[in-house]
Novice: 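I have a structure I would like to understand better, so I am pasting it below and will then ask my questions one at a time.
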Number of protein chains: 2
Amino acid sequence: MARRSDHSREQLAKMAIEAAAALAARDGLRSITARGVARDIGYTVGTLYNVFDNLDDLVRHMNAATMDALYAHVTAAPIEADPEKALRGLARRYLAFVSAQPRLWSAVIEFEPQDGAPAPDWYRHKAQRLVQLGEDAIADLFSPREAAARRRNAFVLWSALYGLTALAQTTNLAEGDPPTALIDTLVSTYIAGLKAR
Amino acid sequence: MARRSDHSREQLAKMAIEAAAALAARDGLRSITARGVARDIGYTVGTLYNVFDNLDDLVRHMNAATMDALYAHVTAAPIEADPEKALRGLARRYLAFVSAQPRLWSAVIEFEPQDGAPAPDWYRHKAQRLVQLGEDAIADLFSPREAAARRRNAFVLWSALYGLTALAQTTNLAEGDPPTALIDTLVSTYIAGLKAR
DNA sequence: GTGCATCAATGAACGATGTTCAATATGCTT
DNA sequence: AAGCATATTGAACATCGTTCATTGATGCAC
């Protein structure tokens, strides 16, 4: 029983993350429990705490995996040269991913660790990579001397996309318009605004 | 035992909501517990369940109160006629409120009821009122025949603001820029984009 | 092969959680 | 004064996150 070494520490972590993601995808972030995850991977609670500091740690790793999957999905297609086309493509693929895995993405949005500690660098980097994609897409609209403005606008765009997907999922405020139309409106209008600077 | 007419049902609800808000403001959404709220208002758990269906119900009412407070704060100042000035004013007051009560606003963002039931109409209306403010602000940029576009853009703007405040609070992705600069960038650029239609 | 030290895995135990509901205390009516 | 209606209670239940002494499988020394 003890010391099975059926799986390495890394394998255990991966299995637990996938089991947690399956639970979250089905019934939401709050349905993730230590005992539930342990049961689903064929181990007991104690083992989970050998691999992760606590449940929040596991959830963070789960969310990191979701962000990795999002990044992979968004970069699967080539990125066009024209800023507006590039951005629209990124945004639509982003939306497609979120729509396909709504509860998984909700888990990323909802999650707030019990201790108010800020997210570790390795986690923040996952988000930064996504912002960077947007920054690259709009790079042609800025001169090399405007690096700060380029970065700021990329962050604003990413935040706007984030908010749009967050609200388009849950609320029903924009009844007439499909999410794609909202995304396109955002990208077109914002890019037009950038060009008009 | 507390005398049964010390407080009306409405008073009890108000006290519980305020107690929950105090807990959330100090230690976050997850620090709200039935026993904790009950203790703080001088009653026991059972009484809480006479007033609210369950904890999620209480949290929803707490978030509704937060949105009411936000609406009151945002509309406390007169709204200017010029779309950009009006929108910038709304956005800045929005940001001021969120910055002053970060954990309370986080509770609005993070909250997802256990049962995946959609938010009731009376709750969604609270958000809709805020979107309406934005729609009124940009009304002059649209002809009467473009009601759909006006509504869509108001929703996009609100979502963008929402995302910006959500991310500006937690992440540290935009290190150089204060939140106000991000808000102004968003408003200016988007309004410029609308004018360039 | 044998023995043993190591340590991954266990699962009982703890305090706290959300929620229920029979029992009870209280105010109002008659 | 008696009785009714009901607001309030708090014990009880299942489940939660987390800890840690115990256990037994494993790899290594010999």
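Throughout, a chain's letter reflects where its sequence line sits, starting with A, and its residues are numbered from 1. Quick caveat: nothing in here was measured; it's all calculated off a predicted structure.
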Novice: Give a yes or no on whether A:Val45 and A:Val37 share a hydrophobic cluster (residues Ile, Leu, Val, Met, Phe, Trp, Tyr; joining criterion: side-chain heavy atoms under 4.5 Å apart).
Specialist: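 They do not share one cluster, since no chain of ILVMFWY contacts under 4.5 Å joins A:Val45 to A:Val37.
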Novice: Can you name the one residue among B:Ile183, B:Leu194, B:Val187 that meets side chain to side chain contact (heavy atoms under 4.5 Å, CB included) with B:Leu87?
Specialist: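 Looking at B:Ile183, B:Leu194, B:Val187, the match for B:Leu87 under the side chain to side chain contact (heavy atoms under 4.5 Å, CB included) is B:Val187.
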Novice: Check each residue of residues 108-115 of chain A for a non-hydrogen atom within less than 4.0 Å of any atom in DNA chain C, then write out the ones that pass by number, or none.
Specialist: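 Correct list: empty, so none.
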Novice: Where the side chain of B:Arg151 meets the backbone of B:Glu135, is there a donor-acceptor pair that is under 3.5 Å apart?
Specialist: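 No; judged by distance alone, with no hydrogens or angles, the pair does not exist.
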Novice: Show me the pairs that pass side-chain hydrogen bond (donor to acceptor under 3.5 Å, both in side chains) and involve residues 18-41 of chain B, at least two apart or across chains.
Specialist: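 Applying side-chain hydrogen bond (donor to acceptor under 3.5 Å, both in side chains) to every pair that reaches into residues 18-41 of chain B, excluding sequence neighbours, yields A:Asp56-B:Arg30.
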Novice: Starting at the 5' end of nucleotides 15-22 of chain D, put B wherever the base has a protein heavy atom under 4.0 Å, S where only the sugar-phosphate does, and a dash everywhere else.
Specialist: -BBBB---
Novice: Within this structure, what is the OH-to-C1' distance between A:Tyr43 and D:dA25, rounded to whole angstrom?
Specialist: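 Rounded to whole Å, this separation is 12 Å.
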Novice: What is the ring orientation for A:Tyr94 with A:Trp105, classed by angle as parallel under 30°, tilted 30 to 60°, or perpendicular over 60°?
Specialist: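 Perpendicular: the ring planes of A:Tyr94 and A:Trp105 meet at over 60°.
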Novice: Is there a donor-acceptor contact under 3.5 Å from the side chain of B:Gln128 to the main chain of B:His125?
Specialist: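 No: the side chain of B:Gln128 does not pair with the backbone of B:His125.
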Novice: Hey, are B:Glu84 and B:Arg88 close enough for a salt bridge, meaning a charged N less than 4.0 Å from a carboxylate O?
Specialist: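 A salt bridge is present here (some side-chain N lies under 4.0 Å from a carboxylate O).
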Novice: Please find the pair of heavy atoms, one from A:Leu161 and one from A:Ala91, that lie closest to each other, and give the distance.
Specialist: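 Looks like CD2-CB, 3.7 Å.
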Novice: Take N1-N3 plus N6-O4 or O6-N4 for Watson-Crick, N1-O2 plus O6-N3 for G-U, both under 3.5 Å. Which runs of 3 or more such pairs involve DNA chain D?
Specialist: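 Listed by first number, the stems are C:1-30 with D:1-30.
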Novice: Whether A:Arg60 engages the ring of A:Tyr123 as a cation-pi pair (distance to the six-membered ring centre under 6.0 angstrom, angle to the ring normal within 45°) should be assessed.
Specialist: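 Positive - A:Arg60 is close enough to the ring of A:Tyr123 and near enough to its axis.
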Novice: Does atom NZ of A:Lys126 have more than 12 heavy-atom neighbours, drawn from other residues, nucleotides or ligands, at distances under 6.0 Å?
Specialist: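 Enclosed.
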Novice: Nearest-Å distance, CG (A:Leu48) to P (C:dT10)?
Specialist: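 It is 11 Å, rounded to the nearest whole Å.
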Novice: Show me the side-chain donor-acceptor pairs of residues 137-149 of chain B shorter than 3.5 Å, one per line, residues at least two apart or across chains.
Specialist:
unit_1   : atom_1 : unit_2   : atom_2 : d
B:Ser143 : OG     : B:Arg145 : N      : 3.3
B:Glu146 : OE1    : B:Ser143 : N      : 2.8
B:Glu146 : OE2    : B:Arg197 : NH1    : 3.3

Novice: Once you measure the plane-to-plane angle for A:His7 and A:Tyr43, does it fall in the parallel (<30°), tilted (30-60°) or perpendicular (>60°) bin?
Specialist: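 Because their plane-to-plane angle is over 60°, the rings of A:His7 and A:Tyr43 count as perpendicular.
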Novice: Output the rounded distance in Å from CZ (B:Arg30) to P (C:dG18).
Specialist: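 Rounded to whole Å, this separation is 12 Å.
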Novice: Heavy-atom contacts under 4.0 Å between residues 11-25 of chain A and DNA chain C, which residues?
Specialist: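 Going residue by residue through residues 11-25 of chain A, the ones with a heavy atom under 4.0 Å of DNA chain C turn out to be A:Leu12.
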Novice: Between atom NE2 in A:His7 and atom P in C:dA9, what is the gap in whole Å?
Specialist: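 Going from A:His7 (NE2) to C:dA9 (P), I get 9 Å.
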Novice: To the nearest Å, give me how far apart CZ (B:Arg9) and P (D:dT6) are.
Specialist: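 Taking CZ of B:Arg9 and P of D:dT6, I get 12 Å after rounding.
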Novice: Do the charged groups of A:Arg92 and A:Asp184 touch, with an N to O distance under 4.0 Å?
Specialist: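 A:Asp184 and A:Arg92: salt-bridged.
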